[in-house]
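Here is the structure we will look at.
Just so it is clear: chains get the letters A, B, ... in the order the sequence lines come, proteins before strands, and each one is counted from 1.
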Number of protein chains: 4
Amino acid sequence: MPMAVDWRSGAPGYRQVIDDIVDQIKAGKLRPGDKLPSTRELTAHYGVSETVIRMAMVELKARQFLIGQKGKGVYVATLD
Amino acid sequence: MPMAVDWRSGAPGYRQVIDDIVDQIKAGKLRPGDKLPSTRELTAHYGVSETVIRMAMVELKARQFLIGQKGKGVYVATLD
Amino acid sequence: MPMAVDWRSGAPGYRQVIDDIVDQIKAGKLRPGDKLPSTRELTAHYGVSETVIRMAMVELKARQFLIGQKGKGVYVATLD
Amino acid sequence: MPMAVDWRSGAPGYRQVIDDIVDQIKAGKLRPGDKLPSTRELTAHYGVSETVIRMAMVELKARQFLIGQKGKGVYVATLD
DNA sequence: GTGGTCTAGACCACC
DNA sequence: GTGGTCTAGACCACA
């Protein structure tokens with residue numbers, strides 16, 4: 001679980017964020033229904049801008065790993 | 001007459017509340033002098049937080065559709 | 001031109017914000033097409049939370065004094 | 001520190017609430033700058049209605065023991 | 001980094 | 001118990 005994005009790898013920052021979160025879900029560290037840290041906290045954790053976090057969120061929601069609830073937070077999706 | 005805000009439509013919740021109430025007034029379902037349900041009941045009816053209802057009220061009062069009376073209720077405005 | 005909302009007056013903060021902006025428009029200090037300070041700057045200027053500024057914006061847009069453009073800014077409306 | 005108002009004493013409920021809070025301030029259990037429990041919690045604590053708590057608050061603020069901050073809470077006043 | 005929308009939950013004035 | 005006002009802080013769309 002990297003504390004920050006590794007810029008030397010060449011991979012886009014948001015890709016690394018996506019992979020890290022997907023890994024955590026698959027490893028069971030993040031479980032269905034869990035609330036993710038706030039966007040602001042994630043920017044600090046990964047050392048990237050809010051835009052990078054948002055791009056990662058767009059994909060993770062499209063892939064149905066996460067569900068955003070306005071004004072509340074972002075949650076790990078539960079199985080249908 | 002929608003029972004609740006439709007989040008899929010993309011339209012802001014408070015806009016849907018405004019439109020729904022204006023429609024009811026124009027359709028004569030709500031008539032001048034009528035008392036609206038309490039703010040708390042409206043939150044339940046539309047499935048939104050009180051702030052959303054309040055923002056709708058701010059606009060509806062600015063547009064002179066409604067008149068609020070503290071401690072009593074919100075009423076449909078009478079014609080000038 | 002008040003620097004901040006006056007809580008002693010009894011008037012709601014958002015009403016004071018509305019009146020101050022309307023006054024500035026009517027006095028020609030804010031002219032059609034002018035860009036307002038950012039929402040965050042206005043909160044600092046008036047000493048209120050963002051919600052108070054937003055409630056003022058809802059009414060000022062309903063009354064067609066202002067036009068908001070997402071990602072750009074809020075502008076004084078031009079005459080019809 | 002009574003958990004609830006004693007209705008047998010004949011003293012108005014709000015008087016007992018006032019006295020209890022003043023006692024706690026004088027005894028140093030509540031200190032300048034401390035935040036009081038929310039109104040809702042106080043109603044539960046003293047076993048009285050919100051109106052009774054509000055009446056107590058009106059007097060305690062008039063006597064400058066407490067200071068209310070809208071949207072935040074009620075605080076024990078600091079010395080001038 | 002801007003505007004926009006929303007939740008949650010305080011206190012306040014009035015009936 | 002009603003409406004009214006406010007704080008704090010989320011996420012979201014756009015540039």
Side-chain angles (χ1 to χ4, degrees), chain A residues 35-42 49-51 53-55 57-58 61 66-75, chain B residues 5 7 10-17 35-43 46-58 61 66-75, chain C residues 5 7 10-17 35-43 46-58 61 66-75, chain D residues 35-42 49-51 53-55 57-58 61 66-75:
Chain A
K35 186 182 180 304
L36 260 68
S38 74
T39 306
R40 193 176 295 179
E41 287 172 321
L42 290 174
S49 74
E50 217 173 297
T51 301
I53 297 296
R54 295 244 171 269
M55 290 173 75
M57 293 299 176
V58 166
K61 282 182 281 191
L66 301 178
I67 293 174
Q69 293 191 44
K70 220 182 300 187
K72 297 187 73 173
V74 174
Y75 296 83
Chain B
V5 158
W7 296 111
Y14 81 93
R15 180 101 279 133
Q16 295 182 46
V17 172
K35 186 181 180 300
L36 262 68
S38 77
T39 305
R40 275 76 167 181
E41 285 173 322
L42 290 175
T43 63
Y46 289 109
V48 296
S49 74
E50 228 178 284
T51 303
V52 171
I53 299 295
R54 298 253 176 248
M55 288 179 78
M57 292 299 177
V58 166
K61 284 184 283 190
L66 301 178
I67 294 172
Q69 294 191 45
K70 215 181 286 192
K72 295 190 69 177
V74 175
Y75 297 84
Chain C
V5 158
W7 297 112
Y14 82 93
R15 180 100 278 134
Q16 295 182 46
V17 171
K35 186 181 179 301
L36 261 67
S38 78
T39 304
R40 276 76 167 179
E41 286 172 321
L42 290 176
T43 64
Y46 289 108
V48 295
S49 75
E50 228 179 283
T51 303
V52 171
I53 299 295
R54 297 254 177 248
M55 288 178 78
M57 292 299 178
V58 166
K61 283 184 283 191
L66 301 178
I67 293 173
Q69 293 192 46
K70 216 180 287 192
K72 297 189 69 177
V74 174
Y75 297 84
Chain D
K35 186 182 180 303
L36 260 68
S38 74
T39 305
R40 194 175 294 179
E41 287 171 321
L42 290 174
S49 75
E50 217 173 298
T51 301
I53 298 296
R54 295 246 172 267
M55 289 174 76
M57 292 300 177
V58 166
K61 283 183 281 191
L66 301 178
I67 293 173
Q69 293 191 45
K70 219 183 301 189
K72 298 187 74 173
V74 174
Y75 296 82

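Looking at the side chain of Y14(C), the nearest of the listed nucleotides dT7(F), dC11(E), dT5(F) is dT5(F). With dT7(E), dC6(F), dC11(E) as the candidates, the nucleotide lying closest to the side chain of S38(D) is dC11(E). Taking every side-chain heavy atom of K70(A) into account, dC11(F) is the closest of dA13(E), dA8(F), dC11(F).
Listed here is the closest heavy atom pair of Y14(B) and A56(B): O-CB, 3.9 Å. Closest heavy-atom contact between T39(C) and E50(C): CG2-CG, 3.6 Å. Counting all heavy atoms, side chain and backbone alike, K72(A) lies closest to K35(A) at O-CE, 3.4 Å. Among all heavy-atom pairs drawn from Y46(B) and I53(B), the shortest one is CD1-CD1, 4.0 Å.
Between I67(A) atom CD1 and dC12(F) atom P the separation is 11 Å, expressed in whole Å. We find that CE of M55(B) is positioned 17 Å from C1' of dG3(F), with the value rounded to whole Å. Here the P atom of nucleotide dG3(E) and the CD1 atom of I53(C) are 11 Å apart, to the nearest Å. Taking atom CG of residue L42(B) and atom P of nucleotide dT2(F), one finds them 11 Å apart after rounding to whole Å. Rounded to an integer number of Å, the gap from L36(C) CG to dG4(E) P is 11 Å. Counting to the nearest Å, the C1' atom of dT7(F) and the CH2 atom of W7(C) are 10 Å from each other. E50(D) has its CD atom 15 Å from the P atom of dG3(F), to the nearest Å. Distance CG (L66(B)) to C1' (dG4(F)): 14 Å, rounded to an integer number of Å.
Both Q69(C) and P37(D) lie near DNA chain E, and the one whose nearest nucleotide falls closer to the 5' end is Q69(C). Take the nearest nucleotide of DNA chain E for M57(D) and for P12(B): the residue whose nucleotide is more 5' is P12(B). Place T51(B) and E41(B) on DNA chain F by their nearest nucleotides, and E41(B) ends up nearer the 5' end.
The partner of dA13(F), taking Watson-Crick or G-U wobble pairs whose two distances both stay under 3.5 Å, is dT2(E). Summarising the base pairing, dT7(E) is matched to dA8(F) through a Watson-Crick or G-U wobble pair whose two defining distances lie under 3.5 Å.
You'll find the side chain of V48(C) stays beyond 4.5 Å of the side chain of Q16(C), heavy atoms only. Annotation: side chain of L42(A) is in contact with side chain of M57(A) (closest heavy-atom distance under 4.5 Å).
In this model, the phosphate group of dC11(E) is not approached by any side-chain N or O of R54(D) to a distance below 4.0 Å at OP1 or OP2. OP1 or OP2 of dG4(E) lies within a sub-4.0 Å distance of a side-chain N or O belonging to K61(C). Contact check, S49(B) against dA8(E): no side-chain N or O comes under 4.0 Å of OP1 or OP2. Contact between the side-chain N/O atoms of K72(A) and the OP1/OP2 oxygens of dC6(E) is not found at any separation under 4.0 Å. Contact check, T39(A) against dC11(F): a side-chain N or O comes under 4.0 Å of OP1 or OP2.
Between the side chain of R40(B) and the base of dG1(F), no donor-acceptor pair under 3.5 Å is found.
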